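One structure is given below, encoded as structure tokens.
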Amino acid sequence: MSTYKSDFLNTLSTRGYIHQCSDATGLDALAAKGDVTAYIGFDCTAKSLHVGSLVQIMLLHWAQELGQKSIALMGGGTTRVGDPSGRDESRKLLTLEDIEDNKRGIQQVFAKFLRFGSGPRDALMIDNAEWLTKLNYLDMLRDVGRHFSVNRMLAMDSVKLRLEREHELSFIEFNYMVLQAYDFAELARRYGCNLQMGGSDQWGNIINGIDLGRRMGTHQLFALTTPLITLASGAKMGKTSSGAVWLNADMLSPYGYWQFWRNTEDADVGRFLKLFTALPLAEIAKLEALGGSEINIAKKMLADKATAMLHGQKAAEDASETARKTFEEGESAAGLPTLELDLSAGVGVLQAAVLAGFASSNGEARRSIQGGAIRVNDVAVSDEKMQLTAASLNSEGVIKLSMGKKKHVLIKPKQG
RNA sequence: GGGGGAGUGUCCCGAGUGGCAAAGGGGGGGGACUGUAAAUCCCCUGGCUUCGCCUUCGUAGGUUCGAGUCCUACCUCCCCCA
């Protein structure tokens with residue numbers, strides 16, 4: 001595998017980040033000199049990125065670690081249009097306020113993975129709204145639009161999919177790829193950017209950027225895409241029992257994040273250690289070699305390292321300790337999510353389960369109890385009319401309410 | 001503009017003779033087995049003040065003891081002709 005001259009491509013290749021590359025040899029030569037300026041675009045479609053974008057973030061991380069320059073591009077402009085790639089229905093258009101809001105949420109994460117600044121090796125964060133919002137339609141058509149062939153655009157996967165399935169593709173979405181291509185060319189001109197990376201579904205869009213760059217007279221541009229990360233079982237990655245795996249701590253706690261990695265399937269551990277931690281390959285090889293239940297050591301390492309990268313060492317240790325107490329000692333560890341309730345008049349278990357987020361209605365909570373899923377202080381609840389009162393508090397002054405093996409909430413009495 | 005077809009449980013796909021809270025999948029949740037894994041098996045998957053009541057089949061009316069199912073109008077989407 002180690003056929004590259006540069007640490008950059010060698011590392012990316014051996015850790016499993018490379019799916020396609022437009023000109024590996026040419027890129028390798030640049031990387032060997034530390035002359036790569038790589039960017040990845042992130043659209044602001046939600047208040048936080050989720051693990052689905054983590055491979056991309058890691059890519060920027062490695063680029064910087066391995067002597068290149070990284071640019072995190074916020075899609076403040078492109079999000080106003082909406083990327084049709086990989087979707088068979090239009091996204092609903094977001095309001096400008098939502099986009100700004102989302103952008104603020106997304107930006108927080110990058111500081112954990114990149115060093116920003118103004119030095120030559122410092123990473124940059126740029127918003128494509130900076131130039132996209134200033135474009136003039138006629139100028140745009142004459143300067144950029146003339147380089148695009150509609151014939152070719154129609155052949156692009158993102159477009160073809162919609163056309164073949166006879167699903168609507170609006171004109172605004174059709175323009176997304178033009179804007180993304182323009183971004184690449186603009187970054188090349190402004191910042192000497194020469195590499196765009198992204199998920200495999202972005203290949204077409206990136207290639208368009210390379211073509212546009214050539215026609216507009218920029219230096220040679222390169223494309224590098226990552227494989228689509230799926231679980232060994234074939235499912236898409238990134239869901240937990242309680243929804244998407246968000247990167248922002250206010251949307252998924254470090255403990256929840258740690259749990260996500262801890263629950264990785266056996267067959268994925270090695271691959272994920274390479275992709276989502278910076279652990280040296282030699283160490284990963286040792287962990288991968290563990291068999292049987294010992295593989296859990298590797299899973300804990302994965303959870304520790306991945307959580308530490310995102311939320312910091314301290315948060316990772318806390319999460320790890322909370323999990324150890326909860327699962328290995330069966331205690332009600334203080335690090336579990338808590339819920340304050342006024343217990344003076346008693347609170348029904350059904351209501352408590354709903355408030356804890358275990359069920360979305362009393363009926364659902366009731367069914368869970370009938371299925372034996374709900375436990376109070378580790379004792380299965382059989383009576384759905386059970387009341388939680390001050391008498392239910394355990395020796396630590398809390399009530400441990402659980403659903404299934406993995407969902408636990410500590411209920412604390414509300415003070416005055 | 002003319003002709004034809006379709007919209008089903010707000011996660012998705014999809015059956016549905018006038019008696020239907022509505023078949024079957026997928027997805028999701030839980031249980032068993034395990035190792036907080038996978039695979040497998042079992043249960044659940046409209047709401048509520050739950051031996052009952054309420055709300056659901058594009059929208060609004062109508063026929064009927066009773067309508068997802070029949071009739072009328074409207075909306076949306078698709079196909080053919082122009």
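Proteins get letters first, then strands, A, B, ... in listed order; numbering begins at 1 in each. Just so we're clear, the structure is a prediction, and the values are computed from it rather than from any experiment.
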For this session: Examine B:rG47: is either OP1 or OP2 under 4.0 Å from a nitrogen or oxygen in the side chain of A:R367? Give yes or no.
Result: yes
Problem set entry | Under 3.5 Å on both distances, the Watson-Crick or G-U partner of B:rC41 | B:rG31
Exercise. Checking all strands, does A:N362 fall into the base, sugar-phosphate, or nothing category for heavy-atom contacts under 4.0 angstrom?
Worked result: sugar-phosphate
Problem set entry | Non-hydrogen atoms of A:L60 and A:A38 that approach each other most closely | CD2-O, 3.9 Å
For this session: Take atom CG of A:L350 and atom P of B:rC48, then tell me their distance rounded to the nearest Å.
Result: 9 Å
Exercise. How would you label the contact of A:S361 with the nucleic acid (heavy atoms, under 4.0 Å): base, sugar-phosphate, or nothing?
Worked result: sugar-phosphate
Problem set entry | Length of the line joining A:E364:CD and B:rG30:P, which is rounded to integer Å | 10 Å
Exercise. Where the side chain of A:A323 is defined as all heavy atoms beyond and including C-beta, which of B:rU36, B:rU45, B:rG29 is the nearest nucleotide?
Worked result: B:rU36
For this session: Pick base, sugar-phosphate or nothing for A:W258, based on heavy-atom distances below 4.0 Å to the nucleic acid.
Result: base
Exercise. How about A:F110 and A:F116: are their ring centres within less than 6.0 Å of each other?
Worked result: no
For this session: For B:rC20, decide between syn and anti, treating a glycosidic angle within 90° of 0 as syn.
Result: syn
Exercise. Looking only at atom P, what distance separates B:rG19 and B:rG68, rounded to whole Å?
Worked result: 10 Å
Exercise. Hey, does the side chain of A:K300 come within less than 4.0 Å of B:rG35's phosphate (OP1/OP2), counting only N and O?
Worked result: no
For this session: Sort out for me which residue in A:D266, A:T264, A:N263 forms a side chain to side chain donor-acceptor pair (under 3.5 Å) with A:K299.
Result: A:D266
Exercise. C1' atom, B:rG52 versus B:rU34: distance in rounded Å?
Worked result: 43 Å
For this session: Would you sort out whether A:T45 and A:D43 count as a side-chain hydrogen bond (donor to acceptor under 3.5 Å, both in side chains), showing the intermediate values?
Result: CA-CA 6 Å; A:T45 49; A:D43 271 357; over 6 Å; no
Problem set entry | N-O pairing of A:K300 and A:D304 below 4.0 Å | no
For this session: Return the value, rounded to whole Å, for the distance between atom CD of A:E384 and atom C1' of B:rC48.
Result: 12 Å
Problem set entry | Main-chain N/O of A:N208 paired with A:N205 side-chain donor or acceptor, under 3.5 Å | no
For this session: Just compare B:rU36, B:rG35, B:rU34 and give me whichever is closest to any side-chain atom of A:K405.
Result: B:rU34
For this session: Considering only atom C1', compute the distance from B:rG7 to B:rG14 and round it to an integer number of Å.
Result: 13 Å
Seminar exercise, completed: Looking only at B:rG30, B:rG35, B:rU36, the nucleotide nearest the A:K407 side chain is B:rG30
Problem set entry | Pairwise C1' distance, B:rG1 and B:rG46 [rounded to whole Å] | 44 Å
Exercise. If you look at every strand shown and take non-hydrogen atoms under 4.0 Å, does A:E294 touch a base, only sugar-phosphate, or nothing?
Worked result: nothing
Exercise. Taking atom C1' in both B:rU64 and B:rC11, what distance in whole Å separates the two?
Worked result: 36 Å
Exercise. C1' atom, B:rA22 versus B:rC71: distance in rounded Å?
Worked result: 23 Å
Exercise. Base, sugar-phosphate, or nothing: which does A:A267 touch, judged by heavy atoms less than 4.0 Å apart?
Worked result: nothing
Seminar exercise, completed: The Watson-Crick or G-U wobble partner of B:rA15, with both key distances under 3.5 Å, is none
Exercise. B:rG30 C1' sits how many Å from A:K406 NZ, rounded?
Worked result: 12 Å
For this session: Round to the nearest Å and state the distance from A:M403 atom CE to B:rG31 atom P.
Result: 8 Å
Exercise. In whole angstrom, what separates A:Q259's CD from B:rU36's C1'?
Worked result: 7 Å
For this session: Could you check whether the rings of A:H61 and A:F113 sit parallel, tilted or perpendicular, using 30° and 60° as the cut-offs?
Result: perpendicular
Problem set entry | Nucleotide opposite B:rU59 in a Watson-Crick or G-U pair, distances under 3.5 Å | B:rA73
For this session: Quick one: label A:T264 by what it contacts on the DNA or RNA (base, sugar-phosphate, nothing), any heavy atom closer than 4.0 Å.
Result: sugar-phosphate
Exercise. When the C1' atoms of B:rU8 and B:rU55 are considered, how many whole Å apart are they?
Worked result: 15 Å
Exercise. If we call it a pair only when both distances are under 3.5 Å in a Watson-Crick or G-U wobble match, what pairs with B:rG68?
Worked result: none
Exercise. Quick one: A:R262 CZ to B:rU36 P, roughly how many Å, whole number?
Worked result: 7 Å
Exercise. A:G372 or A:R324: which one's nearest nucleotide on RNA chain B is closer to the 5' end?
Worked result: A:G372
For this session: Determine the Euclidean distance between corresponding C1' atoms of B:rC51 and B:rC65; express it in Å to zero decimal places.
Result: 25 Å
Exercise. With a 4.0 Å cut-off on heavy atoms, is A:I374 in touch with a base, just the backbone sugar-phosphate, or nothing at all?
Worked result: nothing
Exercise. If you check every side-chain atom of A:N263, which of B:rG35, B:rA37, B:rG29 has the closest atom?
Worked result: B:rA37
For this session: For the pair A:H408 (side chain) and A:K405 (backbone), establish whether a donor and an acceptor sit closer than 3.5 Å, ignoring hydrogens and angles.
Result: yes
Problem set entry | Pairing nucleotide - B:rG52, Watson-Crick or G-U, each distance under 3.5 Å | B:rC48
Exercise. What's the CZ-P distance between A:R375 and B:rU36, to the nearest Å?
Worked result: 13 Å
